Amino acid sequence: MPNRIPIAALVAGCLVSAWTPTSVDARNVPTQVATTRPALADSTVVVMLGVGMPRPDPDASGPAAAVVVGSRVFLFDAGPGVMRRMAAAHLPINGVTALFITHLHSDHTLGLPDLIFTSWVMGRKSALEAYGPHGLQAMTTHILEAWKVDEDVRINGLEHEPANGYAVNVHEIKPGVVYDSGGVRVTAIPVLHGSLKEAYAYRIDTPTRSVVISGDTRPSDALLAASRGVDVLVHEVYSAARLAPEKRPGGEEWPHYMHEFHTSDVELGKIAAQAKPKLLVLTHIIRMGSSDEDLIRGVRAGGFAGKVVVGRDLARY
Ligand SMILES: [Zn+2]
Ligand SMILES: [Zn+2]
């Protein structure tokens with residue numbers, strides 16, 4: 001079972017003294033969870049917002065995870081459904097501290113327009129700081145252009161939304177430290193994701209914890225090196241036992257594709273056995289019919305004897 005920390009405990013432990021102390025905003029949408037206990041400024045919690053992959057599974061939203069440090073919310077990837085999951089997790093719906101995109105595959109970025117525009121309509125007034133591979137600026141520019149009708153109507157119509165509230169400040173990154181502020185450091189780690197030219201994992205170091213989020217990757221030495229001894233390793237996975245050619249044109253290439261682009265449960269077990277994270281969380285789960293027990297068995301077969309959980313949307317670690 002995933003380690004689900006009750007909301008009350010989370011709020012008492014780490015969220016969020018900076019949020020406005022109202023339970024419902026003018027648009028009748030909850031914006032925060034009230035607490036009478038002080039938040040710990042530097043406490044760090046990983047909130048899974050989507051453990052799915054391209055297949056639209058109602059129980060596993062598109063790839064996204066938040067690392068919440070005190071009142072700051074760092075979002076990693078923006079898969080489809082991200083804003084609904086942010087709301088369900090009682091995270092701010094009017095913007096995040098910073099967004100980090102691992103790579104530009106659609107399953108990791110379909111929620112980007114949702115994040116940009118929904119956070120604006122829910123009250124964002126300053127630019128969204130977005131970090132990611134080269135091409136993120138062009139993608140963002142096209143998104144802002146594509147929703148021009150909406151922008152004009154909301155600014156010049158009766159809603160009177162702030163004119164620059166949908167702005168995005170894009171930082172196209174290279175490997176290394178890409179963010180370092182207030183005790184939180186985010187490092188981009190180049191990973192191997194098939195024929196994609198640029199894909200990153202991220203390591204997040206806070207005053208209290210270290211977290212690595214793999215993004216999409218086949219086994220990558222740089223990622224293994226960056227993951228050694230971390231508190232939480234959030235890693236993509238597929239079932240090695242279920243991998244087989246698919247009955248469709250080109251389907252015979254499916255196992256080859258998976259080897260080039262992704263990491264199996266057994267491979268992940270080998271990686272984790274060397275990296276020795278205190279907790280391994282499986283995400284971007286390509287089950288192909290496998291159960292949680294099957295996936296854990298695969299990780300164990302790879303040699304990892306430590307703590308491992310199959311990620312769930314809205315679970316907190
Ligand atoms: Zn993906
Ligand atoms: Zn991908």
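What you see is a predicted model, and the numbers here were worked out from it, not measured in a lab. Whatever order the structure lists them in is the order used to number ligands and atoms, beginning at 1. By convention here, the first residue in the shown sequence is residue 1.
Among L282, V308, L280, the one residue that satisfies the side chain to side chain contact (heavy atoms under 4.5 Å, CB included) test with L233 is L280.
If you look at H171 and Y179, their ring centroids are not closer than 6.0 Å. A ring-centre distance under 6.0 Å is not found for H235 and H284.
Taking 4.5 Å as the limit, every side-chain heavy atom of L144 sits out of range of all side-chain heavy atoms of T141.
The Zn ion (ligand 1) has an N, O or S atom of H284 closer than 2.8 Å.
Distances from the Zn ion (ligand 1) to the N/O/S atoms of H108 are shortest for NE2. Shortest distance from the Zn ion (ligand 1) to D107 is reached at OD2 (N/O/S atoms only). Within D216, the N, O or S atom lying nearest to the Zn ion (ligand 1) carries the name OD2.
The ND1 atom of H105 and the NE2 atom of H103 meet at the Zn ion (ligand 2) at an angle of about 100°, given to 10°.
Side-chain N or O atoms of T97 include one that pairs as donor or acceptor with a backbone N or O of V73 at under 3.5 Å.
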